[in-house]
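As the structure lists them, so they are numbered: ligands from 1, and atoms in each ligand from 1.
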Amino acid sequence: MSRMFVPGPVDVAPEVLAAQTKPMMPHRSKDFEAMFQRTAEKAKDLFYTQTRIFQGSCSGSGMQEAGIRNFVQETVLSCVNGSFAQRWNDVAIANGKKADKLEVEMGEAITPDMLRDALKQKHYEAVTIVHNETSTGVENPVKELCAVVKEVSPDTLILVDAVSSLGGVKIEMDALGIDFLLTSSQKCLALPPGLALAGASDRAMKKAESVTNRGWYFDLVLMEKHRLKDSTPMTPVMPLIYALDLQLDRIFAEGLDNRFARHAAMSKKVQDWAMANGMEIVAKEGYRSKTVVNVKNTHNWDISALNKFLQTRGMRIANGYGKLKDITYRVATMGETSLADVDALLAAMSDYVKQG
Ligand SMILES: *Cc1c(COP(=O)(O)O)cnc(C)c1O
């Protein structure tokens with residue numbers, strides 16, 4: 001058994017991989033529409049929402065673009081504390097929006113107080129928040145941040161990227177008042193890449209109707225018209241929908257609470273191991289990701305040599321992302337990964353430490 005401890009694409013269960021190879025059918029057939037409706041319905045439970053789920057034939061970044069194109073006419077505040085949050089800001093600027101940044105050092109979290117100050121200074125149509133910043137292993141306090149938006153600027157839409165956490169960490173979309181919550185298939189959902197899921201609130205959809213220049217491929221108003229008929233304007237990524245149908249059943253068979261507890265326990269194990277071996281975690285206590293641990297490379301390990309060693313045992317970890325390459329390394333524990341897999345990885349890493 002081989003395991004990739006990387007933050008996506010993660011390992012996919014053999015039966016889920018196999019589900020993709022079912023024969024194609026016309027996407028405008030009753031059979032496919034029934035499946036498309038079923039996957040959207042089931043996904044609502046995963047998002048803790050009663051509203052709607054879009055199933056986009058794109059990776060998560062496509063939904064970042066959809067959020068900007070549909071819910072922002074002009075002004076957006078991008079909360080930036082790492083590379084993926086920065087990407088969302090880049091997406092906003094590339095789409096011609098006036099995007100201000102609320103930025104903190106990589107490794108830090110966005111705090112409710114900072115956000116309160118920023119929202120008091122200027123009114124924004126929307127705010128973008130990355131729940132779990134994969135480049136640093138920092139989990140932003142999304143519940144508290146949503147509460148601040150509600151308190152200071154209740155009409156500001158809350159757009160949340162949960163690409164590397166949804167399905168591994170509980171995020172209650174409706175209870176938190178999130179207007180747009182997006183994720184990708186290839187991380188905690190343990191599906192192959194190429195599918196993005198997003199929940200959108202009613203008030204966000206109403207706003208979208210008034211936003212001009214939404215484009216076509218990511219026009220959620222157009223997609224909503226088709227969604228109401230259990231379809232999409234374009235040809236959907238059918239093999240991934242087949243896989244999603246099965247994978248959601250597997251996820252609910254495990255139980256969401258069990259799944260969240262498993263993810264929390266796995267990342268805790270990695271954190272404890274790193275600290276016991278004299279290394280620091282990038283994220284401060286209280287803001288540590290439950291799906292990916294970013295460790296400061298205190299011992300100046302050659303991460304690619306470490307990975308070569310791990311690969312002889314069928315495992316691999318990830319180097320630091322972007323600017324943090326070689327300064328940190330990352331151990332992701334997402335999707336199908338078990339506590340026993342984590343034990344095997346940490347045993348191998350301990351052997352590598354002993355080897356010197
Ligand atoms: C991986 C990742 C993305 C990019 O997702 P794609 O599916 O590769 O487009 C965006 N945000 C976060 C937090 C991520 O971890």
Side-chain angles (χ1 to χ4, degrees), residues 4-12 43 47 54-69 76 78-92 94-95 103-104 106-110 127-142 145 158-169 171 178 180-199 217-218 237 240 243-244 247 263 267 282-283 287-294 317-325 328-335 337:
M4 296 196 287
F5 295 86
V6 300
V10 302
D11 295 300
V12 180
F47 281 66
F54 290 110
Q55 305 172 86
S57 298
C58 56
S59 77
S61 305
M63 283 297 184
Q64 281 190 339
E65 184 143 301
I68 295 294
R69 290 296 286 252
V76 57
S78 316
C79 297
V80 176
N81 64 330
S83 305
F84 291 103
Q86 179 57 52
R87 178 182 299 181
W88 213 352
N89 179 251
D90 294 343
V91 166
N95 281 290
E103 189 168 21
V104 296
M106 280 183 95
E108 300 293 321
I110 303 290
V127 52
T128 64
I129 301 166
V130 170
H131 173 244
N132 190 70
E133 180 47 76
T134 320
S135 63
T136 59
V138 170
E139 186 185 271
N140 279 314
V142 71
L145 296 176
I158 305 173
L159 319 183
V160 176
D161 167 328
V163 171
S164 61
S165 48
L166 200 133
V169 179
I171 308 166
I178 296 172
F180 190 59
L181 179 62
L182 67 100
T183 199
S184 302
S185 51
Q186 78 277 16
K187 298 193 185 178
C188 294
L189 300 181
L191 288 162
L195 176 75
L197 300 177
Y217 199 79
F218 293 119
V237 62
L240 282 169
L244 175 66
Q247 181 65 345
H263 279 79
S267 57
V282 173
Y287 299 101
R288 290 183 182 151
S289 166
K290 297 174 190 78
T291 62
V292 58
V293 181
N294 292 38
I317 60 165
N319 205 326
Y321 189 90
K323 284 186 275 186
L324 296 178
K325 184 165 189 260
T328 68
Y329 65 89
R330 297 178 296 164
V331 180
T333 47
M334 297 176 177
T337 307

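Contact between His131 and ligand 1 is absent, with no heavy atom of the residue lying under 4.0 Å from the ligand. Heavy atoms of Lys187 approach ligand 1 to within less than 4.0 angstrom.
Residues Ser59 and Pro193 fail the side-chain proximity criterion, which asks for heavy atoms closer than 4.5 Å.
An N or O contact shorter than 3.5 Å links Ser184 to ligand 1 by distance. Geometrically, ligand 1 and Ser61 share a nitrogen or oxygen pair separated by less than 3.5 Å. By the 3.5 Å distance cut-off applied to N or O atoms, Gly60 is counted among the residues near ligand 1. Distances between N or O atoms of Glu133 and those of ligand 1 include no value under 3.5 Å.
For ligand 1, the atoms lying closer than 4.0 Å to a non-hydrogen atom of Asp161 are 10 (C), 11 (N), 12 (C), 13 (C). The ligand atoms of ligand 1 that sit less than 4.0 angstrom from a heavy atom of Thr134 are 12 (C), 13 (C), 14 (C), 15 (O). Atoms of ligand 1 lying under 4.0 Å from any heavy atom of Arg87, numbered from 1 in the order shown and given with element: 4 (C). Atoms of ligand 1 found under 4.0 Å from any heavy atom of Ser59, numbered from 1 in the order shown, are 6 (P), 7 (O), 9 (O). Every atom of ligand 1 with a heavy atom of Asn132 under 4.0 Å away is listed here by number and element: 13 (C). Taking every non-hydrogen atom of Gln186 and a distance limit under 4.0 Å, the qualifying atoms of ligand 1 come out as 6 (P), 7 (O), 8 (O). Close approach of ligand 1 to Val130 (heavy-atom distance below 4.0 Å) involves ligand atoms 13 (C).
Side chain to side chain, Asn294 and Thr328 fail the donor-acceptor criterion of an N or O pair below 3.5 Å. The closest side-chain donor-acceptor pair between Ser78 and Asn89 falls under 3.5 angstrom.
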Apply side-chain contact (heavy atoms from CB on, under 4.5 Å) to residues Ile171 and Phe47 and explain how you reach the verdict. CA-CA 7 Å; Ile171 308 166; Phe47 281 66; over 6 Å; no
Please step through side-chain contact (heavy atoms from CB on, under 4.5 Å) for the pair Val292 and Tyr321, ending with a clear verdict. CA-CA 12 Å; Val292 58; Tyr321 189 90; over 6 Å; no
Tell me, with the steps shown, if Ser164 and Phe84 meet side-chain contact (heavy atoms from CB on, under 4.5 Å). CA-CA 10 Å; Ser164 61; Phe84 291 103; over 6 Å; no
side-chain contact (heavy atoms from CB on, under 4.5 Å) evaluation trace for Thr128 with Val76: CA-CA 7 Å; Thr128 64; Val76 57; 3.9 Å; yes
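Within the model, atoms CG of Leu189 and CG of Leu197 stand 6.5 Å from one another, a figure rounded to the nearest 0.5 Å.
Under a 3.5 Å cut-off, the side chain of Arg288 and the backbone N or O of Ser267 do not form any donor-acceptor pair.
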